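As C-alpha cells, the structure follows; a few thoughts come after it.
When a ligand or atom number is given, it counts from 1 through the structure's own listing order. Every value quoted in this text rests on a predicted model; they were computed, and no experiment measured them.
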Amino acid sequence: MFLFIDQGNSRCKYVLTKSVELFKEEAAGAWDSKASSADELKKHLEQFAGFGVKAVIISSVASRETKDLFKQACERTLKITPVFATSTSSYSAKDNSAIGNSAQLSRTLVNTYAKPQALGVDRWLAMIAVFERCVTDFIVIDAGTAITADWVNAQGVHQGGHIVAGKKLLQQSLLGETGGIAWSASHDNQAEGDLFGQNTSAAVSLGADVMVEGYCRQLVRQIISAYKDADNSNNLEIWITGGDGAEVLQWIEQELKLLNKPIKVTLEPRLVFLGLNHWFSVNK
Ligand SMILES: Nc1ncnc2c1ncn2[C@@H]1O[C@H](COP(=O)(O)OP(=O)(O)OP(=O)(O)O)[C@@H](O)[C@H]1O
Ligand SMILES: CC(C)(CO)[C@@H](O)C(=O)NCCC(=O)O
Ligand SMILES: [K+]
C-alpha cells in the first residue's frame, strides 16, 4: 500500500492506494493539521500500521519543524522515512495521446520562480496534475486556508499566480490582531444578520464571504481582459480544487455566465493528490 498525504495549513488529508499507476483510493480521510504534537501525530499515523504501507509520499506546506516532527513520527510508527515532494524548475509530462498530445511528444511545465523551491509545493503539484490533463492555457485555483490561483500557458510556462487569504484566515486576522474586534465578538452567542452583520461575528464572517466572492469574480474579469485581444480565448480552461472549491466554482461559473464567456471549468478535489502521484511516478 502507498500512503499519500497532503499536509495543508488546516487539514492533513490522506489517500491509501495499492497501485501508483491506477491510483484507486482504498481509503481516504483527514485530520486537523493544528493538532500536530509528536504524540498526536503518532496516534494519527498508527491507524495505518496494519496496512502494509510500502511508502509514504507527502506534499507539505508546513514549517521545517513540523515536517521533521512528521518524519520522526512516521519512522517510529510505520518504520518508513517519508518522501517529501518539492517544487523543481521543470516537470516533463508523460506522453499522453488521450488528451490530444500525440503531435507534441515532449511537453514541459516550467516553474518561473527565481528560486523554484520557493513556489508552494501544493501549487506546483496542482499545476502538474492539470498539465497532465489539459493542453491549452489554464488557470488552477486551490481554495484552502489560503486561496491560490496559478496561470500556465499552453507551452507549459507558469505565468505567475495569486496568494490570497481564504475566509478563515481573513476572519482570524481581524479577530486575532485587533483587540477591539475580538472583545466585541466575545459578546456574540451566534452570528446575527443576513447580508450585513448585526453583531461583530456576523459582520466579520459576512464580510469574509464578500471578499472571497469578490476575488473570484474579479479574477474572472482579469482573465477575460488578459485574453481580450487574443483569438484563442476559448483555448483556456479553469480548474478548481481545495476544501472550498465547490463554493469558488459557483462564483466563477456565475461570473463567466454574466460575461457570456463559455470557458470550460472543472472541479477536481484531488488535484494535489493527482499531482503528488505524478511526481512520485517520476521520482520513486
Ligand atoms: N471536512 C472538512 N473539515 C474542515 N474543513 C473543510 C471540510 N470540508 C471542507 N472544508 C473547507 O475546506 C477549507 C480548507 O480547505 P483545505 O482542506 O483545502 O485547506 P488546507 O488543509 O488548509 O489546505 P491548504 O493549506 O493547502 O490550503 C476550510 O475553509 C473549510 O471551509
Ligand atoms: C500559499 C500556500 C500556503 C497555499 O497552500 C502554499 O502554497 C505556500 O506556502 N506557498 C509558498 C509561497 C509561494 O508559493 O509563493
Ligand atoms: K492545498
Side-chain angles (χ1 to χ4, degrees), residues 4-15 25 27-36 40-41 44 57-67 70 84-89 91 109-130 139-152 158-176 191 204-213 215-216 219 239-251 267-279:
F4 286 85
I5 292 185
D6 171 11
Q7 185 173 46
N9 278 302
S10 328
R11 287 196 298 157
C12 205
K13 287 139 279 185
Y14 69 84
V15 167
E25 287 176 18
W31 65 79
D32 194 337
S33 292
K34 296 269 163 10
S36 57
E40 277 159 327
L41 212 46
H44 289 304
I57 308 101
I58 171 162
S59 158
S60 175
V61 295
S63 62
R64 186 75 264 159
E65 297 75 50
T66 305
K67 284 184 180 172
F70 186 93
F84 287 87
T86 52
S87 300
T88 46
S89 54
Y91 167 85
L109 179 67
V110 180
N111 180 344
T112 48
Y113 266 36
K115 186 173 171 60
Q117 309 94 289
L119 177 73
V121 70
D122 52 349
R123 297 170 65 190
W124 181 239
L125 295 173
M127 283 189 257
I128 287 177
V130 177
I139 305 273
V140 52
I141 304 169
D142 187 345
T145 307
I147 302 173
T148 57
D150 284 289
W151 185 20
V152 175
H158 182 219
Q159 306 291 291
H162 295 152
I163 303 172
V164 297
K167 265 181 204 174
K168 210 165 67 186
L169 267 187
L170 285 168
Q171 297 185 52
Q172 280 169 355
S173 65
L174 288 169
L175 294 168
V204 168
S205 127
L206 292 168
D209 291 350
V210 178
M211 290 283 282
V212 171
E213 176 181 348
Y215 170 71
C216 293
L219 175 66
W239 289 67
I240 301 172
T241 194
D244 291 325
E247 202 183 329
V248 165
L249 172 78
Q250 182 194 320
W251 304 133
L267 177 66
E268 173 47 76
R270 299 191 312 159
L271 280 183
V272 173
F273 280 117
L274 295 171
L276 189 56
N277 188 49
H278 290 303
W279 181 88

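Between Y113 and ligand 2, at least one pair of N/O atoms sits closer than 3.5 Å. Considering backbone and side-chain atoms alike, I163 places every N or O at 3.5 Å or more from each N or O of ligand 2. In terms of polar-atom proximity, N9 is counted as a contact of ligand 1, with an N or O under 3.5 Å from an N or O of the ligand. The N/O atoms of G242, backbone and side chain alike, include none that comes under 3.5 Å of an N/O atom in ligand 1.
Side chain to side chain, T145 and S10 meet the donor-acceptor criterion of an N or O pair below 3.5 Å. With no hydrogens or angles considered, no side-chain donor-acceptor pair links Y113 and H158 at under 3.5 Å.
In this structure, D6 contributes its side chain and V272 its backbone to no donor-acceptor pair below 3.5 Å. At distances below 3.5 Å, not a single donor-acceptor pair connects side-chain atoms of T148 with backbone N or O atoms of I163. Although no hydrogens or angles enter the test, the distance criterion places no donor-acceptor pair under 3.5 Å between the side chain of S87 and the main chain of Q117.
Comparing R123, Q7, H162, K115 by heavy-atom distance to atom 13 (C) of ligand 2, the nearest is R123. Atom 6 (C) of ligand 2 has its nearest heavy-atom neighbour, among T148, D122, V121, in D122. The heavy atom nearest to atom 26 (O) of ligand 1, out of those in V212, D122, D32, V121, is found in D122. Compare A126, A165, A146, A118 by their heavy atoms: the one nearest to atom 11 (C) of ligand 2 is in A118.
Regarding atom 5 (N) of ligand 1, its nearest protein heavy-atom neighbour is R11 NE, 3.5 Å. Of the protein's heavy atoms, G120 CA, 3.4 Å lies nearest to atom 10 (N) of ligand 2. Scanning all protein heavy atoms for the shortest distance to atom 31 (O) of ligand 1 gives D244 OD1, 2.5 Å. Scanning all protein heavy atoms for the shortest distance to atom 9 (C) of ligand 1 gives G243 O, 3.4 Å. Remark: minimum distance from atom 9 (O) of ligand 2 to any protein heavy atom is reached at V61 CB, 4.0 Å.
Contacts between K13 and ligand 1, counted as non-hydrogen atom pairs separated by less than 4.0 Å, involve the side chain only. The part of N9 lying near ligand 2 is the side chain, judged by heavy-atom distances below 4.0 Å. Under 4.0 Å from ligand 1, not a single heavy atom of K168 appears. When heavy-atom distances to ligand 1 are checked against a 4.0 Å cut-off, T145 comes that close through both its backbone and its side chain.
Numbered from 1 in the order shown, with element, the atoms of ligand 1 that lie under 4.0 Å from a heavy atom of S10 read 20 (P), 21 (O), 22 (O).
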Given the rule in the side chain to side chain contact (heavy atoms under 4.5 Å, CB included) test, do L109 and M127 qualify, once you have shown the distances and angles that lead to the verdict?
-> CA-CA 8 Å; L109 179 67; M127 283 189 257; 4.0 Å; yes
Please assess S60 against T66 for the test side chain to side chain contact (heavy atoms under 4.5 Å, CB included), listing each intermediate value before the final yes or no.
-> CA-CA 9 Å; S60 175; T66 305; 6.0 Å; no
Check against side chain to side chain contact (heavy atoms under 4.5 Å, CB included), L271 and D142 | CA-CA 9 Å; L271 280 183; D142 187 345; over 6 Å; no
Determine, stepwise, if the pair W31 / K13 fulfils side chain to side chain contact (heavy atoms under 4.5 Å, CB included).
-> CA-CA 7 Å; W31 65 79; K13 287 139 279 185; over 6 Å; no
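Looking only at its N/O/S atoms, D142 has OD2 as the one nearest to the K ion (ligand 3).
A salt bridge does not link D244 with K167: none of the charged nitrogens is closer than 4.0 Å to a carboxylate oxygen.
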